[in-house]
There are 2 protein chains.
Amino acid sequence: MQIGELARTTSTKVETIRFYEKIGLLPEPGRTAGNYRDYGAAHLARLSFIRRARDLGFTLDQVRELLALSDDRSRSCTAVDSVARAHLAQIDQKIADLRALRRELDELIGQCSQGAISDCRIIEALGPPSNARH
Amino acid sequence: MQIGELARTTSTKVETIRFYEKIGLLPEPGRTAGNYRDYGAAHLARLSFIRRARDLGFTLDQVRELLALSDDRSRSCTAVDSVARAHLAQIDQKIADLRALRRELDELIGQCSQGAISDCRIIEALGPPSNARH
DNA sequence: CTTGACCCTATAGTTGCTACAGGCTGCATA
DNA sequence: TATGCAGCCTGTAGCAACTATAGGGTCAAG
């Protein structure tokens with residue numbers, strides 16, 4: 001299987017696959033006579049794993065950790081669980097932050113009366129705390 | 001006012017201020033005899049504006065746009081409003097994405113029975129679609 | 001035998017900063 | 001006067017996680 005096919009089956013860009021190889025996330029495959037990368041089922045499995053984890057928002061470092069854990073199949077699942085839980089907490093934090101931000105922005109927009117910039121509440125709200133603006 | 005003081009009053013790092021100058025977001029200030037940057041009230045106002053907008057999650061490009069709009073005080077506020085609304089839509093999208101992700105991850109974690117990795121539902125769920133894994 | 005799709009390497013760009021390295025300036029203190 | 005130290009200067013490299021480009025080689029079909 002050459003890189004293009006692997007890319008298509010995993011919905012990954014060719015460059016990204018080469019990038020994963022360069023940073024040591026995906027093992028180097030064998031090469032054909034013409035120096036093309038030649039992938040097998042194990043590569044497909046590993047890349048799928050990486051993509052799913054990335055889709056779930058894990059960072060590359062977290063993915064690396066999960067891969068190491070999954071390679072060591074004798075260990076307890078607890079470590080995997082804790083990586084996932086930590087990630088969940090981060091997501092919750094992000095959602096909370098975005099919601100707060102959304103509220104603020106929404107309020108700002110509600111004040112816009114579509115007048116001239118000089119009366120724009122949005123611009124005004126972004127201005128300096130209390131100083132005189134020339 | 002020198003750069004350190006401006007940094008403190010706006011809760012910005014010194015390097016960030018120089019960075020904003022380099023990318024043309026903040027105008028170059030005058031210099032003292034010793035070649036130190038010398039800032040005035042206008043700089044403070046502009047940097048405050050930038051920081052507030054950034055805190056609200058606007059990208060630097062959006063900030064640039066808002067700054068340009070606010071400089072042209074005769075124009076209608078409508079353009080500002082639309083930048084803000086576009087940003088709001090982006091935030092809503094992000095929140096929705098994160099919520100979907102949260103749900104999925106939560107489900108995954110719920111299945112973890114703390115057994116050995118070989119039985120780990122998380123690792124399993126991250127694996128390839130349906131193929132035989134060696 | 002040429003076209004075109006695919007592959008190769010290596011490097012630079014993206015966003016929004018942050019962190020050096022190596023060197024001045026300016027003020028206080030011994 | 002010397003010296004120390006905080007603060008400033010420039011320039012460059014680094015972070016995540018790719019993406020894009022340049023400049024080439026390979027392979028199958030027509």
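The structure presented is a predicted model; accordingly, all values stated were derived computationally and were not measured. Naming: A, B, ... by sequence-line order, numbering from 1 per chain.
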(message) Strictly by salt bridge (Lys or Arg N to Asp or Glu O under 4.0 Å), give each pair with a member in residues 86-99 of chain B just once, sequence neighbours left out.
(response) A:Arg102-B:Asp92
(message) Need the bend value for the helix from C:dC1-D:dG30 to C:dA30-D:dT1: angle between end axes, 5 pairs each end, nearest 10°.
(response) 30°
(request) Write down the distance between CD1 (A:Ile3) and C1' (D:dT26), rounded to a whole number of angstrom. (result) 15 Å
(request) Select base, sugar-phosphate, or nothing to describe what A:Thr32 touches, counting heavy atoms under 4.0 Å on all strands. (result) nothing
(request) Answer yes or no: are there more than 12 heavy-atom neighbours, outside B:Gln62 itself, under 6.0 Å from its atom CD? (result) yes
(request) Go through DNA chain C in 5' to 3' direction and return only the first and the last nucleotide with some atom under 4.0 Å of chain B's heavy atoms. (result) C:dG16 to C:dG26
(request) Please identify each residue that fulfils salt bridge (Lys or Arg N to Asp or Glu O under 4.0 Å) with A:Arg64, with sequence neighbours left out. (result) A:Asp61
(request) Would you kindly compare A:Arg37 and B:Asn35 by the position of their nearest DNA chain C nucleotide and give the one closer to the 5′ end? (result) A:Arg37
(message) Please enumerate all residues that pass ring-ring contact (aromatic ring centres under 6.0 Å, His included) together with A:Phe58, with sequence neighbours excluded.
(response) A:His87
(request) Kindly write out the residues that satisfy ring-ring contact (aromatic ring centres under 6.0 Å, His included) with A:Tyr39, not counting sequence neighbours, or none if the list is empty. (result) A:His43
(message) Please list all pairs meeting salt bridge (Lys or Arg N to Asp or Glu O under 4.0 Å) that have one or both residues in residues 32-43 of chain B, counting only residues at least two apart or in different chains.
(response) B:Glu21-B:Arg37
(request) Go through residues 7-25 of chain B and report each residue with a non-hydrogen atom lying under 4.0 Å from DNA chain D, sorted by number. (result) B:Arg18, B:Lys22
Any protein N or O atoms within reach of nucleotides 23-25 of chain D? Criterion: under 3.5 Å, listing atom names and distances.
from: D:dG25; atom 1: N2; to: A:Tyr36; atom 2: OH; distance (Å): 2.9

(message) Going by the rule side-chain contact (heavy atoms from CB on, under 4.5 Å), which residues pair with B:Glu5 if we only count those two or more places apart in sequence or in a different chain?
(response) B:Met1, B:Arg8
(message) Tell me every residue that passes side-chain hydrogen bond (donor to acceptor under 3.5 Å, both in side chains) with B:Thr12, counting only those two or more places apart in sequence or in another chain.
(response) B:Thr10, B:Arg51
